[in-house]
Structure formats: structure tokens, C-alpha cells
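Remember, it's 1-based here, ligands and their atoms both numbered in the order they're listed.
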Amino acid sequence: MDNRILIFDTTLRDGEQSPGASMNPAEKLRLAVQLEKLGVDIIEAGFPAASEGDFDAVSKIAKKLERTEIAGLARTSKEDIDRAWGAIQHAAKPRIHIFIATSDIHLEYKLKMSRDEIIQATVDAVRYAKSLTQNVEFSAEDGSRSDRDFLCKVFEAAIGVGATTINLPDTVGYAVPEEFTDLVKYVIAHTPNLNEAVLSVHCHNDLGLATSNTIAALNAGARQAEVTINGIGERAGNTSLEEVIMALHTRPNYFPLSTGIKTDQIYPSSRLVSMITGIMVQPNKAIVGANAFSHEAGIHQDGVLKNPMTYEIMKPETIGLSTNKLVLGKHSGRHALRSRLKEIGYDLSDEELKIVFKKFKELSDKKKHLVDEDLEVIVAESILRTKDIFQLEYLHVTSGTTVLPMASVQLLINGRSVQGAGYGNGPIDAVFENIAKLAGTESELLRFSVSAITGGTDAQGEVTVRLKENGLIALGKGADPDIITASAKAYINGLNRMEYLKAHPAKDSVVL
Ligand code: KIV
Ligand code: ZN
């Protein structure tokens, strides 16, 4: 059996289904470019029938990338398949990904279809997609909870009309590794034409077993893994790309399997995803969490100093985590900035560099040493964002132990300057109250959190806010050495994202 595993990244589709993780087309394109650099084999760029925004982003990605396969998701309807094809047809390597549920519970309560109808819908959809492209993937949603023989029959039917990849999802994260191993082996043994297709798995993390189940399935013979960066996704998320890759990489004797992933692009990809989506990585997250390579206990530190392999099973450099943190300062020029940005994955145009260089100079006036994370924030804030409706022009805050916290704020709203001033329970409350009044927003602030991007008292504070309005959730992110300014930036970013969501609604009928 071929030991090469295909990595199918669905950060832009299933990952984007994390509450609040919506990304605009420019951000999706930037992430897709990074995923290609990371070396994934297939990028699921979106679900084109879901919204105009999704269609637009998928087609932009399809037109831009040259090496990676671009998949567009579709239900079994002709309209969905046409929409997916419309968005990906210009890709160098397009793939239509069709799904329908196969478990009895989904058939009875969600689809209200019989098993025969599911087989017919599968055959019609795959056959139609096959008339558009050679490369068709079929997924049996809730496959892990489906009747095994029926599942194999559906797979056989899909391959019979040309499906080239067959995907077995653990949609609700219910499977456990031994059982999933057994299911994969059963599918291999009881789907007579399976040798004509690649067997894929797609796991969710509801029981914290997504990585284990995925690896178990690869060991049992699956040859494609569907994953997301940082494990983002619906509910508890999807299988983490970085966890699967580093398990294979770190235990090659146990897993004699190879992939095309360039491991030193893992950390830059992780940073980019959290920067763009506003979803922070938990500090103790395997591989990419802030504590993944830090040793607190004295006995560990002592061992690591004597020989890193005493307590480190992986080297930070392997995932692209630079140990040489100090990069640039006030006197660094445009050329040094360009080359460092290129090293960390941002190949900017002259126009973009001009904007970033200006922000870089402003920040280096406030902060002596700028590290990679500072540069990433500048790029995210200055060139990745959509044309903002609300922009912060001016902020002045008075606060302390003997005065009532007061803020005056000036915003640019669609090019028009507006100002306001007022008191609050604290300086951040005063700022938010004023911004909310000026923006006329009805969004409710659900969450506010602050963390430091780097060490030291001049570190940039990174603020994340979570807003809710009419069932829509938007995350906002802002960074600045001054945490009150960072908070204002995050709140304004959240309001801009909310406006984007309101202007690009997903179709009501599309529920995955
Ligand atoms: O979890 C799932 O079943 C899915 C399918 C659309 C593949 O995301
Ligand atoms: Zn999924």
C-alpha cells in the first residue's frame, strides 16, 4: 500500500464554521496562499452555495493557486453542484466535494429520506459532478454512526459512478480509536471497488479524540486526512493538522507514513489563522500553544539546558517557531523589513510594503524591539482587513484612582468624522460606551479578553472581543502597546466584521 498521506485542509470551510470565525475574501485568499506554502494537497476553500461571499472567496482562491487542488463543497442538489463548479472551474486542479448523510437518525429526522433515496441521490449527484470534472469526492455525513453495510453500499455506488475520493466522517465526534480502526478496516474489506478511490477520514473533536481517531484510521489504511489549522471548526472543532503531522513526524517508526507538509510552516500558519479569525490558541494546546515548548519546573529547565532531548520530543525550529526572537528596531530600514516579512511568509507588493513600513515605524517609536509576532499584527491590521466602515481616528482617556474614567473618541464612519465623550465604570468601559454610541450599534459584547503577544513590559497587548447581534457572532482583534488603544481597535474591528456579516448573509436553507 502506498504510504503517502494526502492532507485535505478544511480550515476555510469547516474551520470557518466555528462561531465567530468568519473571514472575508481577502483574508481567505491570504490563508490559502499560506496553506499552499505549508504543502497541503487539497484546500477546501468553502461552500459556494452558502453565500455570495463564500462563492466569491472560493473563486478568487481557485484563480490564484497553481499547485494545490481546490475543493468546493456541495450538497447532492444540481444547484449546489453548479454553484461549486462555477466557483472552482478556473482552478488548476478543481475538486467537487459532495456530501449527504447516511445514518438512520439523519435520514429519519433531518432528510426524511429512505436508504434507497440516499443511494439514488448519491449516484445522481456524483454522476452529474463527474460530467463537470474528473475529480469528485463523496462524503457520507455521520458515517461513523451509520449502518456499516449501508455505508459500504453507498460508497460502492458513489465509486461506481466515478467518485475518486470516498470520505468517512465522524461528524459528531462520537467514535473512539479502536472502533474507528475497525470501521475503516470494515469499509476497506466490504466495499468491493474501493481500490478505485482514495479513502479519506474527517473527524470532529467532541470527545477530544479527533487526532487519535484520524491517526488510527491512517494506520488502518485510510490515505487522506481532513484537518484544520489549530483544530478550529464546528463545536469542539476538527482534527488539528499540526497534531497529526507532528505525531507522524515524531514517531516515524510507529507510523511509516509520509506527507507533503513542510513542518516549518506549521507555526506561521497557526499564527495567521488565529490572527485572521480572532480565535486564540489555548496556551497548553499541543504543538502550537504558547506553552508547548516552555519549561517551568526547575528540574525540567536543568535537563533541557544539559540536553534539550531530555524533556523535548520535538525541536521548536521544526514547526517554524523561531528561537531567535529579536528581529528589528527603530533603525531598521525598508529592505530589512521586507526580507524579514518574506522569511515569515509575507511576500508584499511595493504598495503594501509602503503601508506596513509606515506602521512599523510608528510602532518602533513606542516599542524598542519588534519581534515576528509584532510584524504579523501590523500586516493583519494594515493590509489584510476589508475596507473598514468604522475607523479609529483619535482616542483620549483619563483614568486613575482619584478621577472618574472618561474617554473622548473620534471615529471615521464611512469617511465622515464624528466625536463623542463620556464617562464609564473604567477606562475601557468609557471607550466602548462612546464607540457604541457613535457607531449606533446594537451589538452586545459577549466576551472581552486581553493577553500579551510577547514578553516584557513594552509587549503589545492583544485584545479579543466577541460580539452578538441578531444571532450573528463576530470576533474582533486589536493589538497595541497601550491596552486601552488595543481594546478600542478590537471593538472597532468586531463592529466592522459584524457589518461584513450583515452584508453577506449565509442562505437560511444552508445548515450543515
Ligand atoms: O463533518 C462532516 O460530516 C462534514 C462533511 C460535510 C464532510 O463536514
Ligand atoms: Zn465536518
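- With the Zn ion (ligand 2) as the vertex, NE2 of H204 and NE2 of H202 span 100° to the nearest 10°.
- Ring planes of Y491 and F432: parallel class, angle under 30° (limits at 30 and 60°).
- For residue D14, an N/O/S atom approaches the Zn ion (ligand 2) to within less than 2.8 Å.
- Side-chain rings of Y174 and H204 stay apart, their centers remaining 6.0 Å or farther from each other.
- Under 4.0 angstrom from ligand 1, there are no non-hydrogen atoms of E234.
- Atoms of ligand 1 lying under 4.0 Å from at least one heavy atom of E141, given by number and element, are 3 (O).
- Side chain of T181 to main chain of P177: a donor-acceptor pair is present (N/O by atom type, distance under 3.5 Å, no hydrogens or angles).
- For a threshold of 3.5 Å applied to N or O pairs, the pair formed by R13 and ligand 1 contains at least one separation below that value.
- No donor-acceptor pair closer than 3.5 Å links the side chain of T318 to the backbone N or O of M314.
- Distances from ligand 1 to the non-hydrogen atoms of E226 include no value under 4.0 Å.
- For ligand 1, the atoms sitting less than 4.0 Å from at least one non-hydrogen atom of T171 are 1 (O), 2 (C), 3 (O), numbered in the order shown with element in parentheses.
- Nearest approach of Y500 to G53, heavy atoms of both residues: OH-CA, 4.4 Å.
- Listed by number with element, the atoms of ligand 1 under 4.0 angstrom from any heavy atom of S139 are 7 (C).
- In terms of N/O distances under 3.5 Å, ligand 1 is approached by H204.
- Considering both main-chain and side-chain atoms, D142 never comes within under 3.5 Å of ligand 1 through any nitrogen or oxygen pair.
- Note that R83 lies in the cation-pi zone of F55, set by a 6.0 Å cut-off to the ring centre and a 45° limit from the axis.
- No cation-pi contact links R13 to F47, judged by a cut-off of 6.0 Å to the six-membered ring centre and 45° from its axis.
- A donor-acceptor pair under 3.5 Å is absent between the side-chain atoms of T133 and the main chain of A129, judged by distance alone.
- Considering backbone and side-chain atoms together, N167 places no N or O closer than 3.5 Å to any N or O of ligand 1.
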